[in-house]
Amino acid sequence: MSPFAYKLYMSFFNSLDVFLLTTYDSLMKHFTGLAIIFTVGYMLFVGYMIMMGKFSKGNMISAGISLVILPAITFLFVKGEYMIWVVNPIVDTTTALSCYFIGLAQNSWSTSGEGLQGLFYNLDNMCYKIFDLVAKMDPPGGFMSKTWLFFQAIVAAIILFASYVAAYVAFLVQILLGYFCLYVFLVVGGICIFFAAFKQTRHIFFAWLKGLINYSLLIIFSSLIMTI
């Protein structure tokens with residue numbers, strides 16, 4: 001039986017997939033036509049400027065790079081290859097690395113699953129163990145003679161449990177937030193990649209790429225820390 005947090009994670013993850021597909025498709029329907037027109041127009045403009053000899057050597061190199069990148073990016077839009085070549089590798093690699101670090105510690109666990117499912121299962125088990133610890137407390141000499149020690153143990157267990165639950169919730173929030181932001185960046189990725197074709201707008205592409213890396217690392221490191 002899957003833990004509640006894992007079910008919540010999978011439900012959220014599936015909702016993100018639907019959000020990505022519907023939003024990206026809708027966005028690209030409006031942007032693809034403009035991208036094709038702009039690409040053809042830019043190629044004609046560059047060809048005309050070269051024929052007229054109005055390009056310096058530096059501009060020729062920059063225009064050449066743009067002419068190589070633009071058709072490739074437009075191909076991603078027209079053929080729908082963005083999901084195959086960009087989205088799937090990023091999401092799959094991020095999830096695989098998270099599961100890899102989790103798997104490093106799973107040899108010493110007794111789990112009913114692997115990867116994130118195994119991690120959530122063991123996090124839930126830890127909660128049960130804390131409850132069992134309190135329920136099975138039997139202070140030597142009887143409860144009345146060890147009331148203060150028993151009370152201290154209860155307080156310590158409550159603090160431990162509260163700290164643990166806080167860490168659990170923080171981890172769940174972090175990983176859900178990481179995936180949400182990652183998917184938001186992927187939704188607008190087609191437009192940001194288009195900006196990579198031009199030197200003047202290439203910083204937008206690099207900012208987008210930096211955001212993808214940051215949120216991927218957030219997911220990976222959150223999984224690693226919670227595994228430890």
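Note that the structure is a prediction, hence the values are computed from the model and not measured.
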Identify each donor-acceptor pair in which a side-chain atom of residues 202-213 lies under 3.5 Å from a protein atom, sequence neighbours left out, and give them as a table.
unit_1, atom_1, unit_2, atom_2, d
Arg202, NE, Ala196, O, 2.8
Arg202, NH2, Ala196, O, 3.4
Arg202, NH2, Ala197, O, 3.3
His203, ND1, Gln200, O, 3.3
Trp208, NE1, Phe185, O, 2.6

Going hydrophobic residue to hydrophobic residue with side-chain gaps under 4.5 angstrom, can you get from Phe12 over to Met226?
-> yes
Looking only at heavy atoms, which two atoms of Gly189 and Tyr82 are closest? And how far apart?
-> CA-OH, 3.1 Å
Are more than 12 heavy atoms from other residues, nucleotides or ligands located less than 6.0 Å from atom CZ of Phe221?
-> no
Do you know which two heavy atoms are closest between Pro89 and Ile84, and how far apart they sit?
-> CD-O, 3.2 Å
Test Ile220 against Tyr100 for side-chain contact (heavy atoms from CB on, under 4.5 Å), laying out the working first.
-> CA-CA 9 Å; Ile220 294 169; Tyr100 168 76; over 6 Å; no
From CG (Leu186) to CZ (Phe19), nearest 0.5 Å = 10.0 Å
Look up atom CD1 in Ile90 and atom CH2 in Trp85, then write down how far apart they are to the nearest 0.5 Å.
-> 13.5 Å
Pick out which of Val91, Leu182, Val184, Val187 makes a side chain to side chain contact (heavy atoms under 4.5 Å, CB included) with Leu20.
-> Val187
Same cluster or not: are Leu8 and Phe180 linked, directly or through other Ile, Leu, Val, Met, Phe, Trp or Tyr residues, by side-chain heavy atoms under 4.5 angstrom apart?
-> yes
Within residues 169-183 or reaching into it, pairs that qualify as side chain to side chain donor-acceptor pair (under 3.5 Å) - sequence neighbours excluded = Asp17-Tyr183, Thr95-Tyr179
Is there a donor-acceptor contact under 3.5 Å from the side chain of Ser15 to the main chain of Ser11?
-> yes
Residue pair Ile191, Phe195: steps toward the side-chain contact (heavy atoms from CB on, under 4.5 Å) verdict = CA-CA 7 Å; Ile191 298 175; Phe195 286 132; 3.7 Å; yes
Between Met83 and Tyr24, which heavy-atom pair has the shortest distance, and what is it?
-> CE-CD2, 3.5 Å
Could you tell me the separation between the OG1 atom of Thr23 and the CG atom of Leu16, rounded to the nearest 0.5 Å?
-> 10.5 Å
Does Thr93 have any side-chain contact (heavy atoms from CB on, under 4.5 Å) partners at least two apart in sequence or in another chain, and if so, which?
-> Leu97
Residue set satisfying side chain to side chain donor-acceptor pair (under 3.5 Å) with Ser222, at least two apart, ordered chain then number -> none
Under 3.5 Å, which donor-acceptor pairs do the side chains of residues 156-164 form with other protein atoms, sequence neighbours left out?
unit_1, atom_1, unit_2, atom_2, d
Ser163, OG, Ile159, O, 2.8
Tyr164, OH, Leu123, O, 2.5

Of all residues at least two apart in sequence or in a different chain, which pass the side-chain contact (heavy atoms from CB on, under 4.5 Å) check with Ser223?
-> Ser98, Ile102, Leu116, Phe171, Ile175
Take atom CZ of Phe13 as the centre, draw a 6.0 Å sphere, and report whether it contains more than 12 heavy atoms from other residues, nucleotides or ligands.
-> yes
Where do Ile193 and Val86 come nearest, in terms of heavy atoms and distance?
-> CD1-CG2, 4.1 Å
